[in-house]
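Order of listing sets the numbers, starting from 1, for every ligand and every atom in it.
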Amino acid sequence: MKEFVNVAAEVRHALQHNKPVVALESTIISHGMPYPQNVQTALQVEQIVRDKGCVPATVAVISGKLTVGCSREEIELLGKLGTSVAKVSHRDLPLVLAQGSHGATTVAATMYACKLAGIQIFATGGIGGVHRNAQQTMDISADLDELQHTPVTVVCAGAKSILDIGLTLECLETRGVPVIGFGTEDMPAFYTQKSGYKVDCRLDSAKEIASVIAAHNAIGMQNGTLVVNPIPQQYSMDADYIAQNIDMAVKEAEALGIGGKQLTPFLLDKIQRLTQGKSLQANIQLVFNNVRLACDIAAELCALSVQK
Ligand code: PSU
Ligand code: MN
């Protein structure tokens with residue numbers, strides 16, 4: 001395994017000494033945000049993690065190695081290369097490793113890397129899910145299947161309504177994935193605090209969330225846990241404004257016949273353009289908010305494992 005996996009010394013050391021580690025994905029860097037905001041955000045995120053007393057582990061494939069804990073230079077490289085870096089989900093991992101190339105890992109591939117490295121939690125913006133019209137296209141993100149099979153907790157701001165949020169929640173239920181609303185009963189919709197759907201359960205503290213994860217681990221469950229954290233009110237967007245722009249982006253993708261792994265990056269880029277960068281600011285702030293919560297949960301998980 002060593003041939004293909006590189007866990008940074010700082011991350012390894014933290015894990016060995018029960019120090020909190022928070023993982024971060026890299027598709028959001030290369031395919032989710034434009035340069036240079038992508039690099040600035042990724043570096044700020046790492047700083048927030050450090051300020052919280054945790055160790056950041058940005059995950060990507062660098063020259064054919066699944067790297068858990070990218071350096072500043074590697075983050076800059078992924079951000080500058082942007083969409084020319086392969087978007088690597090679960091099934092793409094063996095290929096980029098064998099080819100010795102770079103790759104930006106999705107939620108699915110990042111969860112798998114966390115499992116290999118022994119990291120329990122990771123933070124991102126939004127997860128992939130069931131696309132609108134999946135009844136015809138069958139376009140369901142591999143993120144959902146990874147949540148079924150990989151015991152890692154993902155902290156996100158819900159799912160964008162580029163997806164069918166109701167069907168995404170149904171698929172999560174079928175896959176045995178708890179959806180925990182942090183301080184809310186409402187499933188957030190990324191840019192807004194409410195989607196019109198309810199979460200599975202509401203918990204109001206990082207400590208309570210950590211105790212659920214610990215119970216899950218104690219009985220040997222192998223699925224993941226999804227924590228949904230609403231965007232702070234002051235950064236949330238007008239629901240009608242963002243809905244109109246998302247609808248336009250989805251229609252354009254349909255008209256152009258865009259599908260497969262290109263669809264999510266196309267929609268993210270289109271929405272950013274249509275909103276003239278306003279959605280990008282919301283996106284950045286909600287990532288920061290998720291990272292802070294993931295740090296608090298990671299610290300509580302470490303405290304629980306000391307008590308054992
Ligand atoms: N949704 C977002 N922002 C993102 C992504 C999804 O709001 O950056 C990225 C994540 O990396 C996620 C991936 O894991 O897209 C899902 O892609 P797909 O739908 O092709 O599985
Ligand atoms: Mn897809």
Closest heavy-atom pair and its distance - [X], [Y]:
X	Y	value
A298	V22	CB-CG2, 3.9 Å
A299	P20	N-CB, 3.9 Å
V11	P56	CG2-O, 3.9 Å

>> Around atom CE of M221, are there more than 12 heavy atoms from other residues, nucleotides or ligands closer than 6.0 Å?
In response: no
>> In the structure I gave you, are the side-chain heavy atoms of L268 and K160 within less than 4.5 Å of one another anywhere?
In response: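 Touching, per the 4.5 Å side-chain cut-off.
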>> Just verifying a value: how many Å separate L263 CG and L256 CG, rounded to the nearest 0.5 Å?
In response: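 Spacing of CG (L263) from CG (L256) equals 11.0 Å.
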> Can you tell me how far CD of Q272 sits from CE of M33, rounded to the nearest 0.5 angstrom?
Replying inline: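 Result: 7.0 Å between the selected atoms.
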Once you restrict both partners to nitrogen or oxygen, which atoms of ligand 1 have a protein partner under 3.5 Å, and how far apart are they?
| residue | atom | partner | partner atom | Å |
| --- | --- | --- | --- | --- |
| ligand 1 | 7 (O) | K160 | NZ | 2.4 |
| ligand 1 | 11 (O) | E25 | OE1 | 2.8 |
| ligand 1 | 11 (O) | E25 | OE2 | 3.2 |
| ligand 1 | 14 (O) | V107 | N | 2.8 |
| ligand 1 | 14 (O) | D143 | OD1 | 3.3 |
| ligand 1 | 14 (O) | D143 | OD2 | 2.7 |
| ligand 1 | 17 (O) | K87 | NZ | 3.2 |
| ligand 1 | 19 (O) | T264 | OG1 | 2.7 |
| ligand 1 | 20 (O) | K87 | NZ | 2.6 |
| ligand 1 | 21 (O) | S141 | OG | 2.7 |

> Restricting to pairs with a member in residues 10-66, which pass ring pair (Phe, Tyr, Trp, His ring centres under 6.0 Å), not counting sequence neighbours?
Replying inline: H13-H17
> Please, which pairs that meet salt bridge (charged side-chain N to carboxylate O under 4.0 Å, His left out) have at least one residue in residues 81-95, sequence neighbours excluded?
Replying inline: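 Sorted pair list: D92-K261.
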>> Which of the protein's N, O or S atoms come within less than 2.8 Å of the Mn ion (ligand 2), not counting waters?
In response: D139 OD1
